[in-house]
Amino acid sequence: MAGETFEQLTSDTFHDYTQNRSCIIIFHKHNCPHCKIMFTVLEKVIAKQPLDVAAVDSEAEPALMASLGIERVPTLCAVRAGKVCGTFTGVMNPNDTRKWYDRSR
């Protein structure tokens, strides 16, 4: 599946991964076609400019989703120094994804 190169986070690893990092976390569902598109978009984004990206399987981590107020997939979370500072649900192209992340502060 697309996105296998991204570190897979769980409720147990989410805080440690994001604590001192700026990154994008994608909440996804394994067979979601829109999630697969966003994995491809994120791969294009990081090919142009390095950026940490990790993934959370929404079916395996419903409590983590609920704790962050995430109800649908794909949802991207912009994280800055351990804090979620922006979310986006849906599909964007690579340029809009990078602009969204850069604006999320």
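All heavy atoms count here, side chains included; hydrogens, waters and symmetry mates do not.
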So which heavy atom on [X] is nearest to which on [Y], and how close?
X: E61; Y: S11; value: OE1-OG, 2.6 Å
X: T97; Y: M92; value: OG1-CB, 3.3 Å
X: T13; Y: L9; value: OG1-CA, 3.4 Å
X: C32; Y: P74; value: SG-CD, 4.3 Å
X: T87; Y: C77; value: CG2-SG, 3.8 Å
X: C23; Y: Y17; value: SG-CE2, 3.9 Å

* **Candidate list V45, I24, V73, I26, test side chain to side chain contact (heavy atoms under 4.5 Å, CB included), partner M38, passing option** => I26
State the [atom1]-[atom2] distance between [X] and [Y], to the nearest 0.5 angstrom.
X: H30; Y: S58; atom1: NE2; atom2: OG; result: 11.5 Å
X: E7; Y: I25; atom1: CD; atom2: CD1; result: 8.5 Å
X: F6; Y: I46; atom1: CZ; atom2: CD1; result: 4.5 Å
X: K83; Y: T18; atom1: NZ; atom2: OG1; result: 10.5 Å
X: R103; Y: K99; atom1: CZ; atom2: NZ; result: 8.0 Å
X: L51; Y: D102; atom1: CG; atom2: CG; result: 8.5 Å

* Any chance you could lay out the side-chain contact (heavy atoms from CB on, under 4.5 Å) test for K48 and R98, step after step, and finish with the verdict? => CA-CA 10 Å; K48 288 184 178 181; R98 187 66 203 206; over 6 Å; no
* **Any residue meeting side-chain contact (heavy atoms from CB on, under 4.5 Å) with N93, in chain and number order, not counting sequence neighbours** => N95, D96
* Taking side chain as C-beta onward, heavy atoms only, is V56 less than 4.5 Å from Q8? -> no
* How about L76 and L42: do any of their side-chain heavy atoms sit closer than 4.5 Å? -> yes
* Angle class for the F14/F27 ring planes (parallel below 30°, perpendicular above 60°, tilted otherwise)? -> tilted
* Structure fact -> So the side-chain hydrogen bond (donor to acceptor under 3.5 Å, both in side chains) pairs with at least one residue in residues 65-81 (sequence neighbours excluded) are T75-T89, R80-Y101
